[in-house]
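Since this is a predicted model, take the numbers as computed values, not measurements. Values below: every heavy atom of this structure, side chains too, minus hydrogens, waters and symmetry copies.
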Amino acid sequence: MYNIGNKSTTQSTTHFIKGFPMAINEKEYIKTKERGIRVHKKDKRLFLFYFKLNNRKYKKIFKVKATNHTPSQMLKTARTELDKIKDEIINGTYGNSLIKLDNLFIEYMKTQPLTDWTHKKKHIYDLYIGNSNLSNITKEPTPSIIKKRESFNKTKIGYKPVGEIMERDILFIISKMEKEHNLSPRTQKLILEVLNPVFDYAIRNRYLTQSPTTHITIKIPSQKKIVTNATELFKRVYVGIIEYYHDEPFYKALFLFAFTGRRKSEILNLKWENIDFTNNYYWIEDTKNGEKQSFKLSPMLKVTLLEFLDDKTGLVFKSPITGKKMVNLDRQIKQLRKHTKIDNLTLHYMRNILVSALAEQQTEAITLSGLLGHKDINTINKYLSNSTMKSSIKGLETIDKILEAEIIE
């Protein structure tokens, strides 16, 4: 039970709770039927909370945002807000929700590893959501990018206290992406992929009790590429890699990683320290879903890697020219594409070919999903956990069978 009184037995200090930019003149307010709530004589949307809790007095001005509510509805809204404030004071969380989203994002990013994905998150945040100034943009923006930035400045929410951010604020951004800029559902979903972990962090650290993104979903149309005669295509890719890079183990290994299911970013971020040649496995730290994943090291990859093993430290696929991380593989892909005569061959398309070829060999979905490093199998079985190590072992066994048939033929 919350008590309100004119005097405090232990502390007489009145705590003015931050929340409304104006001086409080109590004479302008009159009592209501709700204890601890007074309403302004002229502005019926304006309320004064004046209550005592844990031997401390508190004051706060609260204004109902709605303009079309009846006096009783506005009083009910004020009552709900006051109860919320009291609960937060008791739980020691009041005031945390006043942190601005920009500052929360900056704080959260300090806890994250320096990866390509975290760098991309910073860029997405500063382009569509707020202004953290964390994105490192090195290129001069084109006129279209400048125009896009100016457009999204009108709906950015980074300046808002996290406790005031509503679902509609995020939906406004997504709506602008779709209707004004014709951005794909996949691009729209990036907003949620950036904000969801930030709000989860806020809840864990008592900045919030509930995420404003909880009920927002974006359906992405199927972009599945149909691969016909995948087994034969799979063999062509393998033979092409072995033949074209016969004397270049560096590029042979790079493309064999893609051939067995790894993404470009996973390959180019792989370090020698992440490969266990004794127990024949490797692990990926900078994964798309943010989890460390282990995979079986196939014999053909192991042999090829040992052909150019250097000092066993740092990136496996450093640029042969600069010694730094590789970024662009367009020239090498173009050469392999020409050699295999597969016009649409890319690193990502190799993953499509791999999955389609293994599916033709009756490989179950859970193995295919794990081999590619997916955390979930699909939306239907999204709660079924996956073992990437077991899946990679099983998947490699099927790959061996396919390639053995090629050798025999």
Side-chain angles (χ1 to χ4, degrees), residues 65-66 77 80-81 84 87-88 91 93-113 115-135 148-149 151-223 287-291 374-376 378-383:
K65 293 182 179 180
T77 300
T80 300
E81 178 67 14
K84 177 185 174 184
D87 287 339
E88 289 179 352
N91 295 326
T93 60
Y94 186 79
N96 290 348
S97 60
L98 297 177
I99 186 174
K100 293 181 179 178
L101 181 59
D102 280 344
N103 295 330
L104 177 64
F105 181 73
I106 293 170
E107 180 182 317
Y108 166 74
M109 292 308 295
K110 288 179 180 177
T111 69
Q112 300 303 296
T115 64
D116 289 346
W117 175 229
T118 53
H119 174 73
K120 186 176 181 180
K121 279 185 178 181
K122 296 172 185 177
H123 177 74
I124 294 167
Y125 182 89
D126 283 348
L127 181 57
Y128 302 113
I129 302 168
N131 296 298
S132 72
N133 296 318
L134 292 179
S135 54
K148 181 186 287 187
R149 288 179 186 169
S151 171
F152 281 99
N153 279 340
K154 299 174 183 177
T155 52
K156 283 185 176 181
I157 57 177
Y159 68 93
K160 285 192 169 189
V162 293
E164 295 181 11
I165 294 175
M166 309 297 285
E167 178 182 291
R168 62 173 177 268
D169 297 318
I170 299 162
L171 290 175
F172 286 154
I173 298 174
I174 295 171
S175 177
K176 180 182 283 289
M177 295 175 80
E178 177 186 6
K179 296 177 181 178
E180 295 186 26
H181 297 276
N182 198 30
L183 297 176
S184 69
R186 184 68 194 90
T187 304
Q188 296 169 36
K189 194 175 181 180
L190 289 174
I191 300 298
L192 299 182
E193 292 177 3
V194 170
L195 287 178
N196 281 340
V198 175
F199 287 132
D200 287 344
Y201 171 85
I203 292 170
R204 291 195 303 272
N205 290 278
R206 296 188 176 183
Y207 289 111
L208 288 175
T209 56
Q210 183 176 351
S211 169
T213 62
T214 300
H215 302 293
I216 301 177
T217 57
I218 297 175
K219 186 176 181 180
I220 300 178
S222 175
Q223 298 175 328
T287 64
K288 190 173 182 181
N289 61 39
E291 293 185 357
H374 292 162
K375 182 179 179 181
D376 303 320
N378 49 48
T379 53
I380 297 175
N381 300 312
K382 65 181 180 179
Y383 298 110

Side chains of residues 104-111: which donor-acceptor partners sit under 3.5 Å, not counting sequence neighbours?
| residue | atom | partner | partner atom | Å |
| --- | --- | --- | --- | --- |
| Glu107 | OE1 | Tyr207 | OH | 3.0 |
| Glu107 | OE2 | Tyr201 | OH | 2.6 |
| Glu107 | OE2 | Tyr207 | OH | 3.0 |
| Tyr108 | OH | Gln112 | OE1 | 3.4 |
| Thr111 | OG1 | Tyr108 | O | 2.5 |

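- Remark: Asn196 pairs with Thr213 by the side chain to side chain donor-acceptor pair (under 3.5 Å) rule, at least two apart or across chains.
- Considering only residues two or more places apart in sequence or on other chains, Thr155 meets the side chain to side chain contact (heavy atoms under 4.5 Å, CB included) condition with Phe152, Ile173, Lys176.
- Summarising the geometry, atom NZ belonging to Lys219 is positioned 12.0 Å from atom NZ belonging to Lys189; distances are rounded to the nearest 0.5 Å.
- Here the closest heavy-atom approach between residue Gly158 and residue Tyr125 is recorded as CA-OH, 3.7 Å.
- Counted within 6.0 Å of CG on Asn153, heavy atoms from surrounding residues, nucleotides or ligands total more than 12; the atom is thus considered enclosed.
- The closest side-chain heavy-atom distance from Phe172 to Lys154 is not below 4.5 Å.
- Thr217 is linked by a side chain to side chain contact (heavy atoms under 4.5 Å, CB included) to nothing, counting only residues two or more places apart in sequence or in another chain.
- Thr77 is linked by a side chain to side chain donor-acceptor pair (under 3.5 Å) to nothing, counting only residues two or more places apart in sequence or in another chain.
- Qualifying side chain to side chain contact (heavy atoms under 4.5 Å, CB included) partners for Ile216, counting only residues two or more places apart in sequence or in other chains: Glu167, Ile170, Leu171, Ile174, Leu192.
- Side-chain contact between Val198 and Lys121: absent, with no pair of heavy atoms (C-beta onward) separated by less than 4.5 Å.
- Lys120 contributes atom NZ, which lies 8.0 Å from atom CD of Glu193 (distance to the nearest 0.5 angstrom).
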Indicate every side-chain donor-acceptor pair of residues 126-134 with a distance under 3.5 Å to a residue at least two apart or in another chain.
| residue | atom | partner | partner atom | Å |
| --- | --- | --- | --- | --- |
| Asp126 | OD1 | Ser132 | N | 2.7 |
| Asp126 | OD1 | Ser132 | OG | 2.8 |
| Asp126 | OD2 | Ser132 | OG | 3.3 |
| Asp126 | OD2 | Asn133 | N | 3.2 |
| Asp126 | OD2 | Leu134 | N | 3.3 |
| Asp126 | OD2 | Ser135 | N | 3.2 |
| Asp126 | OD2 | Ser135 | OG | 2.8 |
| Asn131 | OD1 | Lys156 | NZ | 3.0 |
| Ser132 | OG | Leu134 | N | 3.2 |

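- With sequence neighbours left out, the side chain to side chain donor-acceptor pair (under 3.5 Å) criterion links Lys160 to Asp169.
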